There are 2 protein chains.
Amino acid sequence: MSEAFRGEFNQKVDGKARVSIPAPFRRVLEAGDPAFDGSRPKFVLIYGRPGSDFVECYTIAQMKLLEAKIRRMPPGTPQRKALERNFITLSQLVEVDDDGRIVMPPKAREKLGLDADALKDGAEATFAGTLDTFQIWRRDAYEATLATEADADFDFLEDGADLLSLLPTDPEG
Amino acid sequence: MSEAFRGEFNQKVDGKARVSIPAPFRRVLEAGDPAFDGSRPKFVLIYGRPGSDFVECYTIAQMKLLEAKIRRMPPGTPQRKALERNFITLSQLVEVDDDGRIVMPPKAREKLGLDADALKDGAEATFAGTLDTFQIWRRDAYEATLATEADADFDFLEDGADLLSLLPTDPEG
DNA sequence: CCCGTTCCCATGAGATTCCATGACACCCCG
DNA sequence: CGGGGTGTCATGGAATCTCATGGGAACGGG
């Protein structure tokens, strides 16, 4: 199971809003697309979730799991509507082209703050893997946020405790 | 099954009440119309459900599922009547033309508040995908509602909790 | 014959496809 | 150990196509 998004990558965004998907991520997207036939894997890009500074990307398989969970919730409840809105309506299916790129959809550009000017000036995006999904950031926003949050990670810990102590205790160790 | 309505699209409504169906949605409508033969897919437009500010659109296939469920209900009960009225009587079969457009039926226009004046002034509609169906709104109404509801979404959440925590807890994670 | 539709064509903007290039990394063989 | 050679990747540019949208002609029913 190397089928996981891992690591960080910086990619240029050109004037037409095209970005290369990092090759290792492509491998995972291909594995996670049941309709993949050798080229052009698809995936789902989520631009909802106000408050966050990035867009989140799900493989087809992973999104189906999420959809199934949402469908199991009672229809019409505010909770379900909230999830539908943020993960279905505010999302978009995208296809990786034969050169390994996608065009950033307008809504995603908007969320990241990639306007026409930024594209002209040669914008850069950061791809950050988070196991089952990956995130796309504007590079500068990513670096600023990382600096802040890396500190916050340690707020949970007693002085001197190890990060791994946060893991659930589990018989298999 | 990438056959799902997903994302938001804005389209102009011209003086003759014509609107383009977003191309990605067209693909889904085609797939969901058993009689589709290369052009002019049909679908069902629902303008019942008073209180809602949009009309809802079902593929033929999806509507058949809904019909089957209604038929399984005991005839004559108020519950069944309510569903029949709102999803069958207050609905209409429409056909996408060769340019990818439909004419907004008068009943739908009425529900959305698209009168002759609004059409003259160049009205805009928003299409919002919700997996099995999609909704058509007047753009301004959509944006206003989205803004309101997006805030409401976070009322369910403890401070700092993630939207995904709304999912039912489930052994398979 | 008139009004409301439906059909057909035109057009520009935006999206997709295709080709080209340069930078690396890796491998095989001398 | 070195040196090509080969392949993958990221990236740029240009040709081509699709889509949304507007205008007008044809049509049909009352």
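Convention: sequence-line order gives letters A, B, ...; per-chain numbering from 1. From a predicted model like this one, the values you see are computed outputs, not experimental measurements.
Residue-to-nucleotide proximity on DNA chain D shows that, of B:Lys16 and B:Pro22, the 5′-proximal contact is made by B:Pro22. Where A:Gly100 and B:Asp99 meet DNA chain D, the nucleotide closest to each residue was compared, and A:Gly100 sits on the side nearer the 5' end.
OP1 or OP2 of D:dA14 has not a single side-chain nitrogen or oxygen of A:Arg18 nearer than 4.0 Å. Distances shorter than 4.0 Å separate none of the side-chain N or O atoms of B:Arg101 from OP1 or OP2 on C:dT6. The side chain of B:Arg40 places no N or O atom within less than 4.0 Å of a non-bridging phosphate oxygen (OP1 or OP2) of C:dT6. The side chain of A:Arg109 places no N or O atom within less than 4.0 Å of a non-bridging phosphate oxygen (OP1 or OP2) of C:dG14. Contact check, B:Arg26 against D:dA20: a side-chain N or O comes under 4.0 Å of OP1 or OP2.
The aromatic rings of A:Phe87 and A:Tyr58 stand perpendicular to each other, their planes meeting at an angle above 60°, with 30° marking the opposite boundary. Using a 30° and 60° split on the angle between ring planes, B:Phe9 and B:Phe25 fall in the perpendicular class, above 60°.
A salt bridge links A:Arg27 and A:Glu30; the closest N-O separation between the charged side-chain nitrogens and carboxylate oxygens is under 4.0 Å. A:Glu143 has a carboxylate O that lies under 4.0 Å from a charged side-chain N of A:Arg139, or vice versa, which qualifies the two as a salt bridge.
Listed nucleotides C:dT17, D:dG23, D:dA20 differ in distance to B:Ala23; the shortest reach to its side chain belongs to D:dA20.
Per the geometry, CZ belonging to B:Arg27 stands 11 Å off P belonging to C:dT16, to the nearest Å. Remark: P of D:dC19 and CG of B:Asp97 are 14 Å apart, rounded to the nearest angstrom. In this structure, the CD atom of A:Glu30 is 13 Å from the C1' atom of D:dT8, given to the nearest Å. When rounded to the nearest whole Å, the span between CG of A:Asp98 and P of D:dG12 equals 19 Å. For the pair A:Lys120 NZ and D:dG13 P, the computed distance is 13 Å after rounding to whole Å. Whole-Å rounding puts the B:Met104 CE to C:dT6 P distance at 14 Å.
Non-hydrogen atoms lying under 4.0 Å from DNA chain C are contributed by nothing in residues 6-15 of chain A.
Rounding to the nearest 0.5 Å places NZ of B:Lys81 at 13.0 Å from CG of B:Leu83.
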Could you walk me through whether A:Lys111 and A:Ser52 pass the side chain to side chain contact (heavy atoms under 4.5 Å, CB included) check? CA-CA 9 Å; A:Lys111 182 166 176 93; A:Ser52 67; 3.3 Å; yes
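Using a 4.0 Å heavy-atom distance criterion, A:Ile102 is classed as making no nucleic acid contact.
Between the side chains of B:Glu8 and A:Tyr47, at least one donor N or O sits under 3.5 Å from an acceptor N or O.
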